[in-house]
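Everything below concerns the one structure shown next.
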2 protein chains.
Amino acid sequence: MSIETDIKQKKFRSPYQRLGLNLVYTSNWIQYQQMDIFREYDITSQQFNVLRILRGQHPSPIKVSDIAERMLDKNSNTSRLIDKLLVKKLVDRKSCPNDRRAVDVIITETGLELLKHLDPEIEAWEKNLARITPEEADLISSLLDKLRNS
Amino acid sequence: MSIETDIKQKKFRSPYQRLGLNLVYTSNWIQYQQMDIFREYDITSQQFNVLRILRGQHPSPIKVSDIAERMLDKNSNTSRLIDKLLVKKLVDRKSCPNDRRAVDVIITETGLELLKHLDPEIEAWEKNLARITPEEADLISSLLDKLRNS
DNA sequence: CCTCGATAATTGAAACATAAAATATTTAAT
DNA sequence: ATTAAATATTTTATGTTTCAATTATCGAGG
């Protein structure tokens, strides 16, 4: 369905307005679907995002501020996300030795284990995106990069 | 900057993974910028979304469920959004005569007035998107439609 | 015209997000 | 060595979202 049909708006002011609405709509569409997968594992998309970042660094620790910088949603309260993950024993946290203001976070074996189960489910879900070709996906990606280029 | 640089992830599993992350990231990027505009008028993006839908119908009223269906964020609690708009006298609400379960909502003159001031600001902001051509914007839009095509 | 399932909207409680203030530490400048 | 500004994180207060439960009404089938 076209964005026109989906949000029942017949006319747009410009291609840019249509694109903006389409991007937000499509991003929500993706996130709701993924949320259903995350829910089975009792985590949120934001928590998954943190775990993915931590795995990328493993076995090195990473500071809270560096996590915040890499998040898809820059406004997330990273401190509290980590609190939640700590309670579930998916991450460890300790004061950074070089800079005692900072806090080092590292993913636990339990956290890595959880991701190992989640990965194939996310990968399987991604097949839903194959309505466009890999080339088209790369084309959109590069146009989005150009769009944001500040 | 490429999404690789923005979220500091060097490798992606597939063009589809990169696209997914890029879409969510870019949608957040857009929404944070627009939020700065909405804030001056003391409304949120969700409230703006409702007002835009109501203006599209004006002077006809529209049911709460129809608003919900057209929202970009389907999970929004439309009832409570309308509560907020009602307090600010931007909308009116009354029981629907044909179906007494339903509630008809309509935008007020004050609401239309607010949009009239906001419009040029949003339009001006949209010029930021002109780093891509109108043709490229339409191309992304149609590929996103194809991507979601369920 | 009565019952039952479906639909429309609202609410309550818990979880979560946001913005601003607070705390602790580092860095840089005198 | 002392102060001031900057940085890293946490907390507080407030507002928003979410999920499930609730209330009210409609419409179809007996």
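Every value quoted in this text rests on a predicted model; they were computed, and no experiment measured them. Residue numbers begin at 1 in each chain, while the letters A, B, ... track the order of the sequences.
- In terms of modelled atom types and a separation under 3.5 Å, the side chain of R93(A) and the main chain of D104(A) share no donor-acceptor contact.
- Contacts between residues 82-90 of chain B and DNA chain D, defined by a heavy-atom separation below 4.0 Å, involve K84(B), listed by number.
- End-to-end axis angle of the helix from dC1(C)-dG30(D) to dT30(C)-dA1(D), from C1' rotation axes over five pairs per end: 10° (rounded to 10 degrees).
- Across every non-hydrogen atom of S60(A) and I106(A), the tightest pair is O-CG1, 4.2 Å.
- The closest side-chain donor-acceptor pair between R148(B) and N22(A) falls under 3.5 angstrom.
- R70(B) and Q57(B) are linked by a side-chain donor-acceptor pair at a separation below 3.5 angstrom, with hydrogens and angles left out of the test.
- There is a side-chain donor-acceptor pair under 3.5 Å between W125(B) and Q33(B).
- For the side-chain contact (heavy atoms from CB on, under 4.5 Å) test with I67(A), the passing option among V103(A), L54(A), N49(A), V91(A) is L54(A); the others fail.
- E4(A) has no carboxylate O lying under 4.0 Å from a charged side-chain N of K11(A), or vice versa, which leaves the two without a salt bridge.
- The distance between atom CD1 of I43(A) and atom P of dC16(C), rounded to the nearest whole Å, is 12 Å.
- R13(B) is linked by a side chain to side chain donor-acceptor pair (under 3.5 Å) to E126(A), counting only residues two or more places apart in sequence or in another chain.
- The minimum heavy-atom distance between R131(B) and L147(A), with the atom names listed, is NH1-O, 2.8 Å.
- The nearest whole Å value for the distance from the NZ atom in K94(B) to the C1' atom in dA9(C) is 16 Å.
- In this structure, R39(A) and V64(A) both approach DNA chain D, and ranking their closest nucleotides by distance from the 5' end singles out V64(A).
- Of the residues in residues 97-108 of chain A, D99(A), R100(A), R101(A) come within less than 4.0 Å of DNA chain C through at least one heavy atom, sorted by number.
- You can see that DNA chain D meets the heavy atoms of chain B within a 4.0 Å-exclusive cut from dT16(D) to dC26(D), reading 5' to 3'.
- Both Q47(A) and S79(B) lie close to DNA chain C; mapped to their nearest nucleotides by heavy-atom distance, the more 5′-ward contact belongs to S79(B).
- Using a 4.0 Å cut-off between a side-chain N of Lys or Arg and a carboxylate O of Asp or Glu, D83(B) and R80(B) do not qualify as a salt bridge.
- Partners of Y25(A) according to the ring-ring contact (aromatic ring centres under 6.0 Å, His included) rule, which considers only residues two or more places apart in sequence or in another chain, do not exist here.
- Using a 4.0 Å cut-off between a side-chain N of Lys or Arg and a carboxylate O of Asp or Glu, D119(B) and R55(B) qualify as a salt bridge.
- Inspection of the Q9(A) and R18(A) side chains reveals no N or O donor paired with an N or O acceptor under 3.5 Å.
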